[in-house]
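Just so you know, ligand 1 is whichever comes first in the structure, and atom 1 is the first atom listed for that ligand. Quick note: residue numbers are just sequence positions, from 1.
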Amino acid sequence: MSIMYKSTRSNGDKVTASQAILKGLAEDGGLFVPDSIPALDVELETLAGLTYQETAYEVMKLFLSDFTKDELMYCINGAYDDKFDTKTIAPLVKKDGAYYLELFHGKTIAFKDMALSILPYLMTTSAKKNGVKNEIVILTATSGDTGKAALAGFADVPGTSIIVFYPKNGVSPIQEKQMVTQKGDNTHVVGITGNFDDAQTGVKMMFNSKELAEQMDAAGYQFSSANSINIGRLVPQIVYYVYSYGQLLAQKEITCGEKINVVVPTGNFGNILAAYYAKNMGIPIETLYCASNENKVLFDFFKTGTYDRKREFILTTSPSMDILISSNLERLIYRIAGEDAAKTKELMDALTNEGEYTITPEMQKCLEDFVGGYASEEETHATIKNMYDKTGYVMDTHTAVASHVYEAAAKATGVKTVVASTASPYKFTRSVMNSIDTKYDSMTDFELVDKLTEISGVKVPEAIEEIRSAEVLHDIICDKTEMEKTVKSILGLEA
Ligand SMILES: *Cc1c(COP(=O)(O)O)cnc(C)c1O
């Protein structure tokens, strides 16, 4: 069966998976969604015997149905290789009654690697399939994690280059160091004087400029996006939920067909949407717990049916979830609206213009797969400390938000629960160590790294080891009004 992709905001022409990957966003501003969610065509019990790569093939062949087997195998084997520090790619670790699905064993030690290590392969294969001759220029605005994962993924990939904009004073020192030391002739990192929203707005303006697109085309370039709204990021994320079910079976923790819960620390709603797709493909998932930090716009939405972004933006110690507009929620809205594009557009327009929308009672009924939960800063830190005291296992702040929601809500159901663990504690060392004991606060970042190794017994990941002494290779700074000029200068276009 062949799956095509359509926009959430109009009933225009459908595109193939490879075209959707190249475009990123539909022309009407909507997101691409599959015209149906395919059912897995392997038996559940077979999953127990599949490797990560084999599982990836079983999932991706269904969603990316215009890719040949050879093309998919090339993408999968190129992405999930020894860049990951474990052969299992996404280990499932049982701690204190729950199963932590560790998604941070890739190059930049956060779960973004799960999708961004394969996206460059999917993108260049899509370009080839569609006869694109231009070099693909990936433009990205980042608040920290995505930028580095995208840089690492696209570095030295033939036929591509990547330009990342980050707020000069808005990312952590480790995050900045990770980006400005990135190797690869086709990588460019630019700090802007402005905040993340300025960076994001500047990038969107370039994507929407017809004039710039023409100038680019004449010089043999075209833009694409590595943003989490690209289905080339969503589809690879379904894989690890299917894989985790196979792992539970293989480890004899569940019987075949037994239902499980999933808890996901959520920001842009991409990761949990992938779990929802896994459920719709036939993975026996009972409830999807959507865990938020103090920016609990999604918790309120699941409780009330009103999505209201008009609130204070809170800076927390789980910064990758500090988000008030969860872009991927639009795909769920479209589905619970009965695939009504006009209704979806109306709600999304209301969000842009009035800052809020309310779904209908019928739509709210379709949300019964989801339960919202959240953790305060205090609860997040206590969760890290409790787990460490009890088991010696150290988790990062984002995972701790989910772990708190497991303890507070999912545990009592008695259903076996997978908690998505989205970052290594080494990525947020200071917050993690401070949670365990405030006496560590006076230490430098790298002293904390060494201390973490000492108390956890987990080796310092390569991603951290290499930035200790790495040379700064990127030092471009520009004003937020000069982003386009900077892109032109990087690409050698006339200003
Ligand atoms: C991006 C990110 C999240 C949020 O994931 P979404 O798909 O945006 O919901 C959670 N934790 C970490 C560490 C992340 O980098």
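- Which parts of ligand 1 touch G270 is read off a 4.0 Å heavy-atom cut-off, strictly below it: atoms 6 (P), 7 (O), 9 (O).
- Residues Y240 and T55 have side chains that never bring a donor and an acceptor to within less than 3.5 angstrom of each other.
- Between atom CG of residue L116 and atom CE of residue M114 there is a gap of 11.5 Å, rounded to the nearest 0.5 Å.
- Within the listing of ligand 1, atoms 10 (C), 11 (N), 12 (C), 13 (C) sit less than 4.0 angstrom from a heavy atom of T422.
- For F299, the ring-ring contact (aromatic ring centres under 6.0 Å, His included) partners at least two apart in sequence or on another chain are Y374.
- Set against the non-hydrogen atoms of N271, the atoms of ligand 1 under 4.0 Å away are 7 (O).
- Of the polar atoms of F269, at least one N or O is found under 3.5 Å from an N or O of ligand 1, judged by distance alone.
- Within ligand 1, the atoms closer than 4.0 Å to a non-hydrogen atom of T266 are 9 (O), numbered from 1 in the order shown.
- Using modelled atom types, one finds a donor on one side chain and an acceptor on the other under 3.5 Å when comparing T88 with T86.
- Contact analysis puts P265 in contact with ligand 1, with a non-hydrogen atom separation below 4.0 angstrom.
- Using the six-membered ring where Trp is involved, Y100 and Y393 have ring planes that are tilted, between 30° and 60° apart.
- Exactly one residue among V264, T380, V263 makes a side-chain contact (heavy atoms from CB on, under 4.5 Å) with V401. That residue is T380.
- Those atoms of ligand 1 that come under 4.0 Å of a heavy atom in M321, given as number and element, are 10 (C).
- At the top of the distance list for atom 8 (O) of ligand 1, counting protein heavy atoms only, stands N268 N, 2.7 Å.
- Protein heavy atom in closest approach to atom 5 (O) of ligand 1: F111 CE2, 3.5 Å.
- From the protein, the heavy atom lying nearest to atom 14 (C) of ligand 1 is K112 NZ, 2.9 Å.
- Checked options D322, I323, L315; the residue passing with N295 is D322 (criterion: side-chain contact (heavy atoms from CB on, under 4.5 Å)).
- Here the options are T399, I109, I464, the test is side-chain contact (heavy atoms from CB on, under 4.5 Å), and the partner is S424; only I109 passes.
- Those atoms of ligand 1 that come under 4.0 Å of a heavy atom in A423, given as number and element, are 13 (C).
- Protein heavy atom at the shortest distance from atom 4 (C) of ligand 1 is G267 N, 3.6 Å.
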